[in-house]
There are 4 protein chains.
Amino acid sequence: MTLRARTPKAKSDRERLLLSAALNVFFSKGFQAARMQDIAEEAGLSKGTVYIYFGSKEEVFQALIDTLAKPNVEHIQTLLQTAPTVTQGLRMMNGFARQLIVETDMPKFLKVLVGESQLFPEIVADYHAEVINPTLQLMERRLDEVVDSGELAVPDTHIAARQIMTPVIFSGLWESVFSKTQTLDYAALLSAHVEALLCAWAPKDTTS
Amino acid sequence: MTLRARTPKAKSDRERLLLSAALNVFFSKGFQAARMQDIAEEAGLSKGTVYIYFGSKEEVFQALIDTLAKPNVEHIQTLLQTAPTVTQGLRMMNGFARQLIVETDMPKFLKVLVGESQLFPEIVADYHAEVINPTLQLMERRLDEVVDSGELAVPDTHIAARQIMTPVIFSGLWESVFSKTQTLDYAALLSAHVEALLCAWAPKDTTS
Amino acid sequence: MTLRARTPKAKSDRERLLLSAALNVFFSKGFQAARMQDIAEEAGLSKGTVYIYFGSKEEVFQALIDTLAKPNVEHIQTLLQTAPTVTQGLRMMNGFARQLIVETDMPKFLKVLVGESQLFPEIVADYHAEVINPTLQLMERRLDEVVDSGELAVPDTHIAARQIMTPVIFSGLWESVFSKTQTLDYAALLSAHVEALLCAWAPKDTTS
Amino acid sequence: MTLRARTPKAKSDRERLLLSAALNVFFSKGFQAARMQDIAEEAGLSKGTVYIYFGSKEEVFQALIDTLAKPNVEHIQTLLQTAPTVTQGLRMMNGFARQLIVETDMPKFLKVLVGESQLFPEIVADYHAEVINPTLQLMERRLDEVVDSGELAVPDTHIAARQIMTPVIFSGLWESVFSKTQTLDYAALLSAHVEALLCAWAPKDTTS
DNA sequence: GATGAATGAGAATTCATTCAT
DNA sequence: AATGAATGAATTCTCATTCAT
């Protein structure tokens, strides 16, 4: 029998442990095929114990989304807001995106979200409302600002915000789905992309 | 009882009907959560009938991949090979990509492939080998040619080939996952992307 | 499509063909595991055709018992009744038993009857009433006669009748169950048995 | 919900309970027609519980054979080996055979083995190799010894060993198949048989 | 009469969830 | 708190039977 988690700290550690185990299992098998047993084993605990922390498999899934998704958003937002220029902000974001893809669970998370998107439309809606949309809107606003300031000449900031995310999603997905089959140089792809955008958005020379 | 399919033609029609039903169900629920019953009902047939045409749920899935994936590849390849210039080829491909996203089952297919990627690694490997890789390599070769001819100045054709696909995948995924929550102007995104690439790859003026 | 059976003769031939196929299939798989498809294939016909001749799988089974069991009984009974002495009758019956085991379907039939005995108690009761019991009673009566006539000194004719059958059943079962694993010389076993019985039943010499 | 079996002892008891239930069900319906549900109900447990102890219906069957068949063999062998004379050994074996038929599950087991013999040829081969053959060979060797010692004059010890088993199998089968229809005095049959054999094998008087 | 496609009831097996220990 | 035995709903797949051709 595993040591009991008596303090609140110990309990929240065990919760995190379970969520991390769950992500791995959901990633490997998908929500439906994932057995509570698998999650328990991945965490080194027993089946019954999972139910002490989460009421059902669906609750584990929901908690996973809530716990893992949001911290990243905040980071991106901080990055965008604190960078002196958008050009720098974009370049810094690239570095962060690379980290996100290679060093975090984001690709696994992305794969799980995509895979279960039709099964849990509320979760998708929620995720859109709390993560995707705020981030895109923040980007859009920042781009509007720099257009006004003349830093960049972005023709359509709405599309531009999405355009920025394009290789991040591509890379995340590649990492989840194809990384075992063929590697991809995410950093190169991301920076080629930013440079292309900056080229396209370069302010027109209006001096002459 | 449904009309019996006695001729080979009628049987192959019914097979197609079932595969189309299966794609919808796999898309909605994922492979695991999809019940054979669901597929049968979607096709207006009974459970047992599905087993006359396919030996198991997995066989339905495999047949789906085989049937739906490959035709699109050929189209893309033709497009690339017949366009007089790469610039035109890319612009035409965008039109095709838009069609692919809005008018075909590609987004559903993409979502299913991503969702089940860990469960069927052989199918993913197969898909990579027969669809993804040949397409990317063809693009890469075409880009190498135009670099040689001076039409474009692509710094890294390997990355460039992937870069081209970036918004296609993004759009396909958006269509699958978020289209009910928020629409996205795929044509605008795709063409903004191509224009950015063409800007970045514009041959340097070496006359002066 | 197989030739149609138009005449009554042709129909009854086809019925026999199906029953023979059924015996093989029931023997190999047991009643439950036998598929109508198997029986049809064994007979070189199609599934639906079996239903033209028999209303259900159970009806096939019933017809099998009725058709195949009874002829043999009549033969045994004739043998016993026409033999001039019981001693000769027993020896002749042995020859017949050997034939029954090696050259007929009796062992298959026995195996099927035993295997399904609990599933079809009425069939077993029927079989007992129409085949087993009459034969045993006839034997018993003949033995009573020869005891009276002084030909043999059988202590208990009821038991004796059963005792006679003992190696026949043993051999039939061995043939069904173990013949592929190890052969058994049925003729030798049967005649050793008869000789032992004749020794035990030899009339006591009461002359001195 | 039934009491939980937590200790190894309780678990092995439950396993035995299930096997005993399984024998009854397999006997009544045959392996194929037996539903796991039936076995569970016969044991007073639920369907799912059977799968905690045995991985599949086939595994239950195999375990049954392993558990129930072998103990009896040992008993017979001990009997034969410890009896001072073969004559006594045979008479004692008869007592044991009667017990086997009336007081143990042997007849049920025999019926099940016969019924499923074609479906599980490996089990039959196994059973022949581990139970039937060793027993027959032991008998044969003992008979060879007594022929040498002059105790009995057995003409063919190979056949004789089989001849001895003849009424045991007959009785076991009768018990399984016909006992509800008509009783049979097994003890009388068995001892009549032994006496007949002893008569046939009596050493020839060579004194005069 | 013959065929085999279609049906749906039924059985093995799995696994989320409960709860006695 | 932790465990894992027990349960039964749910799912895949099979096959007896029907019936359009």
Side-chain angles (χ1 to χ4, degrees), chain A residues 1-6 10-11 14 32-40 45-60, chain B residues 1-7 10-11 14 32-40 44-60, chain C residues 1-6 10-11 14 32-40 45-60, chain D residues 1-7 10-11 14 32-40 44-60:
Chain A
M1 202 181 291
T2 313
L3 221 57
R4 291 180 186 188
R6 292 182 182 284
K11 291 185 71 169
R14 191 149 286 188
Q32 281 283 338
R35 290 148 66 235
M36 288 300 253
Q37 177 95 261
D38 296 327
I39 297 174
L45 295 169
S46 79
K47 211 161 23 118
T49 304
V50 184
Y51 283 89
I52 295 171
Y53 294 89
F54 303 97
S56 68
K57 191 161 76 156
E58 199 162 330
E59 215 169 276
V60 176
Chain B
M1 206 179 289
T2 311
L3 226 57
R4 280 162 169 74
R6 315 253 331 162
T7 63
K11 292 182 77 167
R14 192 146 286 189
Q32 285 283 344
R35 291 148 63 235
M36 287 300 253
Q37 177 99 258
D38 297 328
I39 296 174
L45 294 168
S46 80
K47 202 161 37 99
T49 304
V50 185
Y51 285 91
I52 297 173
Y53 294 89
F54 302 96
S56 67
K57 193 163 77 157
E58 200 162 328
E59 214 171 275
V60 176
Chain C
M1 200 182 293
T2 312
L3 221 58
R4 291 183 186 185
R6 292 182 182 282
K11 290 186 72 171
R14 191 150 286 188
Q32 280 284 339
R35 290 149 65 235
M36 287 301 253
Q37 176 96 262
D38 296 328
I39 297 173
L45 295 168
S46 80
K47 209 161 28 117
T49 304
V50 184
Y51 283 89
I52 296 171
Y53 294 89
F54 303 97
S56 68
K57 191 162 75 155
E58 199 162 330
E59 215 170 276
V60 176
Chain D
M1 206 182 288
T2 312
L3 225 56
R4 280 162 168 74
R6 315 254 331 161
T7 63
K11 293 181 76 169
R14 191 145 288 188
Q32 285 282 344
R35 291 149 63 236
M36 287 301 253
Q37 177 99 258
D38 297 328
I39 297 174
L45 294 168
S46 79
K47 205 159 37 97
T49 304
V50 184
Y51 284 91
I52 297 174
Y53 294 89
F54 303 97
S56 66
K57 193 163 76 156
E58 200 161 330
E59 215 169 275
V60 175

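Below, all heavy atoms of this structure are taken into account, side chains as well, without hydrogens, waters or symmetry copies. Numbers restart at 1 for each chain; the letters A, B, ... are given by sequence-line order, proteins then strands.
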Open item on the list: What is the separation between atom OH on A:Y53 and atom P on F:dA1, rounded to the nearest whole Å?
Closed with: 6 Å
- [ ] If E:dC15 has a Watson-Crick or G-U wobble mate with both distances under 3.5 Å, name it; if not, just say none.
- [x] F:dG8
- [ ] Can you tell me the distance, in whole Å, between the CZ atom of B:R6 and the P atom of E:dA5?
- [x] 7 Å
Open item on the list: Please check: side-chain N/O of B:K11 versus main-chain N/O of B:Y53, any donor-acceptor pairing under 3.5 Å?
Closed with: no
Open item on the list: What contact category does A:A34 fall into here, base, sugar-phosphate, or nothing, at under 4.0 angstrom with non-hydrogen atoms?
Closed with: sugar-phosphate
Open item on the list: Just the rounded figure in Å: distance from P of E:dT13 to NZ of D:K47.
Closed with: 11 Å
- [ ] Indicate the atoms forming the closest heavy-atom contact of A:E59 with A:G55, along with that distance.
- [x] OE2-N, 2.8 Å
Task: Atom-to-atom span, CG of D:L45 to C1' of F:dG8 - whole angstrom - done: 13 Å
Task: Distance in angstrom units between D:K11 NZ and F:dA6 P, rounded - done: 8 Å
TODO: Check whether any side-chain heavy atom of D:L45 sits under 4.5 Å from a side-chain heavy atom of D:R14, and report yes or no.
DONE: yes
- [ ] Please tell me which of the listed nucleotides, E:dA6, F:dA6, E:dG1, lies nearest to the side chain of D:R14?
- [x] F:dA6
- [ ] Rounded off to whole Å, could you give me the OH-to-C1' distance for the B:Y51 and F:dT14 pair?
- [x] 9 Å
Open item on the list: Let me spell it out: for each of C:K57 and A:G48, pick the nucleotide of DNA chain F with the closest heavy atom. Which residue's pick is nearer the 5' end?
Closed with: A:G48
Open item on the list: Any strand counts, and the cut-off is 3.5 Å on both contacts for Watson-Crick or G-U wobble. Which nucleotide pairs with F:dA20?
Closed with: E:dT3
Task: Rounded distance in Å - CD (C:Q37) to P (F:dT17) - done: 14 Å
TODO: Using atom CZ of B:R4 as one end and atom P of F:dA20 as the other, report the distance to the nearest whole Å.
DONE: 7 Å
TODO: For B:F54, report the nucleic acid contact type (base, sugar-phosphate, nothing); a contact means any heavy atom under 4.0 Å.
DONE: nothing
TODO: Taking C:K57 for its side chain and C:A34 for its backbone only, find out whether a donor-acceptor pair lies under 3.5 Å.
DONE: yes
Open item on the list: Both B:G44 and A:G55 contact DNA chain E. Which one's nearest nucleotide lies toward the 5' end?
Closed with: B:G44
- [ ] May I ask you to test the C:V60-C:M36 pair for a side-chain heavy-atom distance under 4.5 Å?
- [x] yes
Task: Contact nearer the 5' end of DNA chain F, comparing A:T49 with C:R35 - done: A:T49
TODO: From the options F:dT3, F:dA5, F:dT17, select the nucleotide whose nearest atom is closest to the side chain of A:I52.
DONE: F:dT3
